[in-house]
Amino acid sequence: MLGVRPWRGRLILSEDEGACPESRVVISYAYWQDHMGGGEIGAGAILMVDGEPKEVIGVTPPDFFGLSVGDRFDIALPLCQPKELRRDLFDIAVMGRLRPG
């Protein structure tokens, strides 16, 4: 999410990535408003995602909808490395920007 500034808290950093299950998430502005009432994001902001508690570390700005045109997201999780690697499963989206000039 390079170039995107968080609305609240912070975005996912490389140190948030590691072994599964990941413990921190970033949520969209719309999800924050609709499901968390636009409340403060702090150490007590916990969501249950697939039965696992996740700490909400940040909120994306209102005008950020994700990496794919037409797709929106509610919760962004950092990459994690499962105990059993499977080469047949890939679900990674990558976005880059060209330097001016």
Side-chain angles (χ1 to χ4, degrees):
M1 289 190 225
L2 186 60
V4 176
R5 296 186 189 275
W7 187 256
R8 295 284 185 271
R10 66 174 177 85
L11 301 179
I12 294 170
L13 301 172
S14 59
E15 52 264 23
D16 295 317
E17 299 173 349
C20 294
E22 61 288 302
S23 61
R24 297 182 180 114
V25 297
V26 169
I27 58 176
S28 71
Y29 180 88
Y31 188 91
W32 177 59
Q33 289 291 311
D34 295 344
H35 298 278
M36 299 185 78
E40 285 301 312
I41 300 298
I46 303 293
L47 288 179
M48 292 301 285
V49 179
D50 294 331
E52 297 284 334
K54 310 290 182 189
E55 177 188 4
V56 178
I57 58 171
V59 178
T60 59
D63 58 351
F64 181 79
F65 302 107
L67 301 178
S68 301
V69 175
D71 287 341
R72 294 177 182 253
F73 75 98
D74 290 325
I75 302 170
L77 293 90
L79 290 175
C80 70
Q81 184 173 350
K83 292 177 184 171
E84 180 184 334
L85 295 176
R86 292 185 52 192
R87 295 180 183 271
D88 60 329
L89 296 177
F90 293 94
D91 190 18
I92 298 174
V94 178
M95 181 176 91
R97 294 181 183 213
L98 293 176
R99 228 179 301 167

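Residues take their numbers from the sequence shown, with the count starting at 1.
Between the CD1 atom of I41 and the CD1 atom of I27 there is a distance of 4.5 Å, given to the nearest 0.5 Å. Distance OG/S23 to CD1/I46: 9.0 Å, rounded to 0.5 Å. Put simply, OG on S28 and CG on D34 are 8.0 Å apart, with the number rounded to the nearest 0.5 Å. A distance of 11.0 Å separates CG of L77 from CD of E52, quoted to the nearest 0.5 Å. A distance of 5.5 Å separates CD1 of I75 from CG of L47, quoted to the nearest 0.5 Å. Taken to the nearest 0.5 Å, the CG atom of L79 stands 8.0 Å off from the CD1 atom of I12.
W32 is not listed as a side-chain neighbour of V56, based on a closest heavy-atom distance of 4.5 Å or more. In this structure the side chain of C80 never reaches within 4.5 angstrom of the side chain of E17, judged on heavy atoms. In this structure, R10 and R24 have side chains that are in contact, with non-hydrogen atoms separated by less than 4.5 Å. Looking at P62 and Q33, their side chains never come closer than 4.5 Å, going by heavy atoms from C-beta outward.
When all heavy atoms of L11 and V4 are compared, the closest pair comes out as CD1-O, 3.1 Å.
Linking ILVMFWY side-chain heavy atoms closer than 4.5 Å, directly or via other members, places V26 and F65 in two distinct hydrophobic clusters. Under the 4.5 Å side-chain heavy-atom criterion for Ile, Leu, Val, Met, Phe, Trp and Tyr, Y29 and F73 are members of distinct hydrophobic clusters. Grouping the Ile, Leu, Val, Met, Phe, Trp and Tyr side chains by contacts below 4.5 angstrom, directly or via other members, places Y31 apart from F64.
Pairs engaging residues 50-79 under the disulfide bond (SG atoms under 2.5 Å apart) rule: none recorded [sequence neighbours left out].
Around atom CD of E15, more than 12 heavy atoms belonging to other residues, nucleotides or ligands sit under 6.0 Å away.
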